Amino acid sequence: MRSAFNLIAAAALLAGAAYADDGGRRMPAQVPPAYTQECAGCHVAYPPGLLPAASWTRVMNGLERHYGSDASLDPATVKALSGWLLAHAGTYKRVRAEPPPPDDRITRSRWFARKHEDIAPAVYRRPSIKSATNCAACHPGAAKGDFDDDRARIPR
C-alpha cells in the first residue's frame, strides 16, 4: 500500500515538474485583466515566457509604434504590465537569444524559425491564417499557451 502511495506521489511530482518546465510557453496562472483586455484585442495575448525581459522592455517602451499601430496605454497600466511581463519573461535557453532588433517579434526569434522551418511562407498567407503571428489559427490552445505540436492543425 505504501509503495503504491509513493508511486502516485512520485508521478504527481514529476507531472508538476514537467508542467513547470514547459519552456515558459504556458500562460501564468495569474494574468492581469489589462493584459488580456489590451493585448488580446488585436492578437493572442502571448505568454510572457516566449520573449526575454529585454525584448518585453523594448516592446512596452514602444507601444506608440507597436508593429504599425498605436497601442499606447496610460503610464500606470504600462508600469503594471511591464512588471508582470518582466517577472514572467523567458529565461530558459531557447529564449535567451533575443529576436533581432528593432522589433522583437516572436516570429523572428531563432526558436520560432526552427520550430516552423517546415512550413512554407505561402501557408501563412492563406486567408484562414493571414500571418505567422496568428498562432491561434494552427494552435487552438494558444490563448492558454498550449503550442504542443501534437495538437497543432494547419487549416486549409
Side-chain angles (χ1 to χ4, degrees), residues 15-74 77-156:
Y19 181 80
D21 189 30
D22 67 358
R25 297 173 303 209
R26 296 248 179 232
M27 189 61 81
Q30 300 296 317
V31 179
Y35 187 69
T36 304
Q37 179 182 351
E38 298 296 339
C39 303
C42 296
H43 55 74
V44 168
Y46 301 110
L50 295 180
L51 285 174
S55 291
W56 284 120
T57 297
R58 287 189 291 272
V59 167
M60 294 304 290
N61 287 338
L63 290 176
E64 70 283 351
R65 58 190 187 292
H66 188 68
Y67 309 108
S69 296
D70 183 352
S72 298
L73 299 169
D74 65 89
T77 302
V78 169
K79 183 178 180 182
L81 293 181
S82 294
W84 180 78
L85 288 166
L86 296 179
H88 297 284
T91 57
Y92 51 96
K93 182 180 175 183
R94 178 176 78 167
V95 171
R96 276 189 225 131
E98 298 172 23
D103 61 10
D104 292 291
R105 290 178 188 265
I106 292 169
T107 56
R108 292 192 182 150
S109 63
R110 280 189 237 153
W111 68 262
F112 183 94
R114 193 169 47 253
K115 291 291 286 181
H116 298 84
E117 66 188 355
D118 58 336
I119 299 173
V123 171
Y124 294 118
R125 292 190 296 270
R126 291 177 183 171
S128 58
I129 299 175
K130 297 184 179 117
S131 150
T133 62
N134 185 10
C135 304
C138 301
H139 298 280
K144 294 179 181 175
D146 180 359
F147 300 100
D148 190 294
D149 297 348
D150 294 334
R151 288 185 284 283
R153 299 290 177 259
I154 299 174
R156 297 213 175 265

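We count residues from 1, following the sequence as given. The structure presented is a predicted model; accordingly, all values stated were derived computationally and were not measured. The analysis underlying the following values was restricted to heavy atoms, covering all of them including side chains, and did not include hydrogens, waters or symmetry mates.
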Which atom pair, heavy atoms only, marks the closest approach of [X] to [Y]?
X    : Y    : result
Y124 : H116 : OH-CB, 3.3 Å
C138 : P140 : O-CD, 3.3 Å
D150 : D148 : N-OD1, 2.6 Å
P47  : G145 : CG-CA, 3.6 Å
P28  : V31  : O-CG2, 3.3 Å
A89  : P52  : CB-C, 3.9 Å

Would you call [X] and [Y] a side-chain contact if the rule is heavy atoms closer than 4.5 Å?
X   : Y    : answer
Y67 : V59  : yes
P99 : R105 : no
C42 : S69  : no
V95 : L50  : no
L81 : W56  : no
M60 : L86  : no

*Going by an N to O cut-off under 4.0 Å, is there a salt bridge joining D146 and R151?*
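R151 and D146: salt-bridged.
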
Is [X] reaching over with its side chain to a backbone N or O of [Y], donor-acceptor style, under 3.5 angstrom?
X    : Y    : value
S128 : R156 : yes
N134 : I129 : yes
T57  : A53  : yes
Y92  : G49  : yes
R126 : P155 : yes
T77  : L73  : no

*How far apart are the C-alpha atoms of T133 and H43, what are their side-chain angles, what is the distance that settles it, and do they pass the side chain to side chain contact (heavy atoms under 4.5 Å, CB included) test?*
CA-CA 8 Å; T133 62; H43 55 74; 5.9 Å; no

*Among all residues two or more places apart in sequence or in another chain, which pass the salt bridge (charged side-chain N to carboxylate O under 4.0 Å, His left out) test with D74?*
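Expected list: none.
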
*Of all residues at least two apart in sequence or in a different chain, which pass the side chain to side chain donor-acceptor pair (under 3.5 Å) check with T91?*
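Listed in chain order: nothing, the list is empty.
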
*asked:* Test of understanding: with ring-ring contact (aromatic ring centres under 6.0 Å, His included), list the residues that count as partners of W84, not counting sequence neighbours.
replied: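 ring-ring contact (aromatic ring centres under 6.0 Å, His included) check on W84 returns Y35, H88.
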
Roughly how far, to the nearest 0.5 Å, is the [atom2] atom of [Y] from the [atom1] atom of [X]?
X    : Y    : atom1 : atom2 : answer
D104 : R58  : CG    : CZ    : 4.0 Å
S131 : R125 : OG    : CZ    : 11.0 Å
W111 : I106 : CH2   : CD1   : 6.0 Å

*Considering residues, nucleotides and ligands other than E64, do more than 12 of their heavy atoms fall under 6.0 Å from its CD?*
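Yes.
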
*When the ring planes of H139 and F147 are compared, do they come out parallel, tilted or perpendicular, using 30° and 60° as the limits?*
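Aromatic pair H139/F147 classed perpendicular.
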
